[in-house]
2 protein chains.
Amino acid sequence: MTDRGASARPARRPTRQQQAITDLLERSEEFVSAQTFHARLRAAGERVGLATVYRTLQSMVEAGTVDVLRGDDGEAAYRACSTDHHHHLVCRSCAKTVEVEGPAVERWTDAVAAEHGFTQVTHTVEIFGTCAECAASTRTR
Amino acid sequence: MTDRGASARPARRPTRQQQAITDLLERSEEFVSAQTFHARLRAAGERVGLATVYRTLQSMVEAGTVDVLRGDDGEAAYRACSTDHHHHLVCRSCAKTVEVEGPAVERWTDAVAAEHGFTQVTHTVEIFGTCAECAASTRTR
DNA sequence: TCCCAGCGTGAGAATGATTGTCAAAACCGA
DNA sequence: TCGGTTTTGACAATCATTCTCACGCTGGGA
């Protein structure tokens with residue numbers, strides 16, 4: 001559709017705000033919502049507008065350096081991720097995230113799609129559960 | 001946590017509105033957003049409030065007779081589905097949906113989760129693509 | 001180093017889906 | 001039909017996200 005071609009994206013002009021966002025992103029192990037993200041930046045003394053947080057995260061998603069996850073309530077959560085295609089195993093309780101790969105799943109989705117005549121296939125696979133730590137603390141409670 | 005036990009759910013009292021919603025739901029082949037759903041009911045001459053549409057769809061989701069899907073924009077879409085666990089192959093263009101099962105995927109997710117010590121595992125797997133018909137018409141355009 | 005043209009920012013308004021409120025209406029059993 | 005509940009629906013309230021647009025900062029050229 002749109003020509004998302006080669007030299008097209010000129011990389012945003014680097015600014016203090018973007019640096020702050022990138023830093024915090026890299027220090028976060030789990031998926032964080034844009035709102036929470038903004039709150040943390042503010043708490044850390046950074047002066048960054050909410051709109052900027054959204055804009056920056058969004059462009060990073062397009063650039064492929066950040067992954068998005070939609071919770072049951074529809075709120076988007078972000079996390080720094082490698083460019084490679086992979087999926088996530090997320091703790092329902094503490095949001096701890098493990099990146100996982102599943103060649104078998106990739107093959108399966110492609111096969112299923114082809115079988116029904118679908119092309120330009122993409123897919124989402126996310127696994128939710130309770131991590132060992134959270135399970136332990138819940139049981140103790 | 002909460003005891004979502006046996007005889008708990010007393011089934012809502014049947015009403016004209018719920019009947020209308022159920023009917024339209026069963027006649028829909030694809031995922032439809034609550035807003036669209038409401039608009040269609042109105043267009044069909046049914047007098048149903050938006051809040052009622054949301055409430056009814058929600059309780060059906062909890063009852064397991066309806067599946068939800070979150071689009072990229074976070075908007076929720078609904079579709080009548082069998083109670084059995086399954087996944088969806090959805091056309092990006094016309095929203096036509098095919099229900100698919102993937103024992104392999106189920107096994108894989110469980111294995112991955114167990115490997116990392118996660119319990120109470122659930123997962124989401126959705127496949128998006130362009131169906132044969134839409135691919136054809138797009139190419140022709 | 002100074003200046004200019006733009007891009008990036010940010011405060012607040014606008015949007016749009018979803019949920020809450022609460023009085024009125026519908027339903028069911030007696 | 002009567003009474004006690006449950007459900008409904010118009011509208012307000014939330015809340016995340018996006019839009020607006022004047023202002024500041026950045027980078028390159030003079």
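Chain naming here is simple, since letters A, B, ... match the order of the sequence lines and numbering starts at 1 in each.
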Verify, without hydrogens or angle tests, whether A:Thr97 (side chain) and A:Ala95 (backbone) share a donor-acceptor contact under 3.5 angstrom.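 Indeed, once roles are kept as given, a pair shorter than 3.5 Å links the two residues.
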Checking the side chain of B:His38 only, and the main-chain atoms of B:Val48 only, is there a donor and an acceptor separated by less than 3.5 Å? yes
Helix axis bend for the helix from C:dT1-D:dA30 to C:dA30-D:dT1 - C1'-based end axes, five pairs, 10° rounding: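 Overall, the helix from C:dT1-D:dA30 to C:dA30-D:dT1 bends by 30° from one end axis to the other.
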Whole angstroms only, please: what is the [atom1]-[atom2] distance between [X] and [N]?
{"X": "B:His38", "N": "C:dG16", "atom1": "NE2", "atom2": "P", "value": "17 Å"}
{"X": "B:Gln18", "N": "C:dC28", "atom1": "CD", "atom2": "P", "value": "11 Å"}
{"X": "A:Glu46", "N": "C:dG10", "atom1": "CD", "atom2": "P", "value": "10 Å"}
{"X": "B:Arg13", "N": "C:dA26", "atom1": "CZ", "atom2": "P", "value": "13 Å"}
{"X": "A:Leu41", "N": "C:dG10", "atom1": "CG", "atom2": "P", "value": "10 Å"}

For D:dT26, does either OP1 or OP2 sit under 4.0 Å from a side-chain N or O belonging to A:Thr15? no
What class does the angle between the rings of B:Phe31 and B:His88 fall in, given that below 30° is parallel, 30 to 60° is tilted and above 60° is perpendicular?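 Rings of B:Phe31 and B:His88: perpendicular, over 60°.
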Return the orientation label for the A:His87 and A:His123 ring planes: parallel under 30°, perpendicular over 60°, tilted otherwise. tilted
What verdict does the salt bridge (charged side-chain N to carboxylate O under 4.0 Å, His left out) test give for B:Arg70 and A:Glu75, after you've listed the backbone C-alpha separation in whole Å, the side-chain angles of each residue and the deciding distance to 0.1 Å? CA-CA 10 Å; B:Arg70 295 248 171 213; A:Glu75 191 176 357; over 6 Å; no
Restricting to non-hydrogen atoms, name the atom on A:Lys96 and the atom on A:Glu133 that form the minimum distance, rounded to 0.1 Å.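 Shortest heavy-atom contact: NZ-OE2, 4.3 Å.
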Strictly under 4.0 angstrom, non-hydrogen atoms only: write out the protein contact profile of nucleotides 9-21 of chain D, one letter per nucleotide from the 5' end, B, S or -. BB-----SBBBB-
